[in-house]
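Only one structure is covered here, and it is reproduced in the block below.
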Amino acid sequence: MAHTVPVSEIASLWRDTTADRPEFGPLTGDLSCDVAIIGGGYTGLTTARYLMAAGLSVAVVEAHRIGWGGSGRNGGVVGGKFRISFADMAARWGIDVARRMHDLGLEAIDHVAETVEALAIPQADYRSTGALRCAHNAHSLQALEREVAWLHQTLGDRACRILSRAEMAEETGSPDFVGGMLNSHGGIIHPLNYVLGIARAVAAHGAALAEATPVTGLRRTTDGVALETARGTVRAKQVVIATNAYSDLTPATGAVRTAIIPFRSAMVATAPLSPELNARLMTADRSYTETRRMMRWFRKADGRVLYGGRGAFGKADSAAAFAALETAMVAQFPELKGVAVTHRWSGLVAMTMDSLPHLSRLDDRVVFCLGYNGSGVALSSMIGRYAARLVTGQPAEAGLLTATALRHVPLYPIREPAVRLVAGWYQFLDRIGL
């Protein structure tokens, strides 16, 4: 039965264009299950999906609302890339590792399409339109050319090709790029509708979903773990922590909190474009990212332009960060001058020390999966499949995601000024063209 959940929700474009939103009540008393999952985003819900398919009973406990974190705030870009390039992976860990990670990236993309179809989520509006990386200078274009050549020659991936300056201007509607790299893998999605669709499906199949129920502590028991909340206790044989960049909300996830560097990403959305302007900008209706270190990205949704970027520092929304985004957007797309911005929101990206996602065990009863480094829609959905395997004692060989140890951030209390310092250095390098 639906309940009203008195918790805040992010005032994003996704919230205002979402399909009928299901509401799940808070925990009302004690509960027992095979596996309890902390976090109601892509990872937690897809883990629940696969655990139930294995015959286990599952409870998903969310501090706010389903999709309140990154799963409901992101840009809706479905891609299979990692923060480390496949060529760099090959140089560091060998070609077999790079090939496995490349396969995982493609698997993650395919998994989104499979999930939308299998769980009947047409409102997610997934479109496999690919992605275009936009070179902001000649140095960046040369790097993209080398990457395409390496993918062709070493991995046999022919889905990527280089676009000229003229092709970039024709497709994006901006004269700002000297060339680009088109990748036919991936696409775009309505991220909040996607996570809500998964939630509906797992609830319909018997998962217990509790919103507005922060887990305040984990306590080992003789036969499992007890999740303490203000509304009751959830007793489970095993626990999965799936809180990613929001792992500092309560002490219950303190064991992984210091391995994450939360980095705020801000987004703006314009009012609906005129038919003429809509026909000139971003004509292929895919996602676009710049090659700057302090990356900016853009796409269209609901007939509007979405424009986002990293560098919105602090724990709350920043008017200065939104103003900087709007200035950059108009500089890149002068035709947007005078078009109203109707939505401004932000969310946290979970960076890790080694720039890789991680799936592993804290101990014999607790599994964690986190650290998607800005590529979370596809990866955080797929990782639920591997998390379920790990929980059930099956092989969960997910390349570097399971083979590398989670590293904690040195001097964690001073991470925010350190992030500002590094980001400032990156912005300087972008300005001088390096």
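Here the structure is a predicted model, which is why all the values come from computation and not from measurement.
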query = Listed by chain and number, what are the side chain to side chain contact (heavy atoms under 4.5 Å, CB included) partners of M168, not counting sequence neighbours?
reply =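 Per chain and number, M168 pairs via side chain to side chain contact (heavy atoms under 4.5 Å, CB included) with L132, C134, L163, T172, F177.
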
inquiry  = Using the side chain to side chain contact (heavy atoms under 4.5 Å, CB included) criterion, which residues pair with L155? Sequence neighbours excluded.
reply    =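 L155 satisfies side chain to side chain contact (heavy atoms under 4.5 Å, CB included) with F86, I95, R99, H102, W150, L151 only.
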
task = Take I188 and V78 through the test side chain to side chain contact (heavy atoms under 4.5 Å, CB included) and record every step on the way to the result.
result = CA-CA 5 Å; I188 54 177; V78 177; over 6 Å; no

Do [X] and [Y] have side chains that get closer than 4.5 Å, going by heavy atoms?
X    : Y    : value
L218 : V215 : yes
L196 : P22  : yes
E228 : V234 : no
L209 : L45  : yes
R365 : R220 : yes
I198 : T115 : yes
W297 : L306 : yes
I37  : L51  : yes

Residues V58, C33; criterion side chain to side chain contact (heavy atoms under 4.5 Å, CB included); working and verdict = CA-CA 6 Å; V58 178; C33 59; 6.0 Å; no

message = Quick one, S346 with R264, criterion side chain to side chain donor-acceptor pair (under 3.5 Å). Give me CA distance, side-chain angles, the key distance, then yes/no.
response = CA-CA 7 Å; S346 69; R264 187 165 293 277; 2.8 Å; yes

Which heavy atom of [X] sits nearest to which heavy atom of [Y], and what is that distance?
X    : Y    : answer
I189 : R299 : O-NH1, 3.2 Å
T213 : L27  : OG1-N, 3.1 Å
A398 : R100 : CA-NH2, 4.2 Å
N74  : P191 : OD1-CB, 3.3 Å
V77  : S287 : CG1-OG, 3.5 Å
G384 : T47  : CA-OG1, 3.2 Å

[X]/[Y] ion pair, N-O < 4.0 Å:
X    : Y    : value
R361 : D363 : no
K300 : D285 : no
E147 : R133 : yes
E23  : R65  : yes
E107 : R385 : yes

Check: F298 ring centre within less than 6.0 Å of F333 ring centre =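 Between F333 and F298, which both carry aromatic rings, the centre distance is below 6.0 Å.
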
Ignoring hydrogens and angles, state whether a donor on the side chain of [X] or [Y] is under 3.5 Å from an acceptor on the partner side chain.
X    : Y    : result
D34  : S57  : yes
R83  : T352 : no
E397 : Y386 : no
S381 : Y194 : yes

task = Give a yes or no on this: more than 12 heavy atoms of other residues, nucleotides or ligands lie within 6.0 Å of atom CD of E114.
result = yes

request  = Taking atom NE2 of H205 as the centre, report whether more than 12 heavy atoms of other residues, nucleotides or ligands fall under 6.0 Å from it.
outcome  = no

message = Students often mix this up, so state it plainly: with edges at 30° and 60°, are the rings of W345 and H343 parallel, tilted or perpendicular?
response =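 W345 vs H343 ring planes: perpendicular.
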
task = Let me see the working for T18 and N193 under side chain to side chain donor-acceptor pair (under 3.5 Å), right down to the final yes or no.
result = CA-CA 6 Å; T18 194; N193 278 345; 2.5 Å; yes

request  = Please test R235 against V225 for side chain to side chain contact (heavy atoms under 4.5 Å, CB included), starting from the C-alpha separation and ending with a verdict.
outcome  = CA-CA 6 Å; R235 290 179 172 83; V225 181; over 6 Å; no

inquiry  = Assess the residue pair M89 and L400 against the criterion (side chain to side chain contact (heavy atoms under 4.5 Å, CB included)); give the C-alpha distance rounded to whole Å, side-chain angles, the decisive distance to 0.1 Å, and a yes or no.
reply    = CA-CA 9 Å; M89 290 180 191; L400 295 172; 4.3 Å; yes

Y307 and R296: CA distance, side-chain angles, deciding distance, side chain to side chain donor-acceptor pair (under 3.5 Å) verdict = CA-CA 7 Å; Y307 199 89; R296 295 192 293 250; 3.1 Å; yes

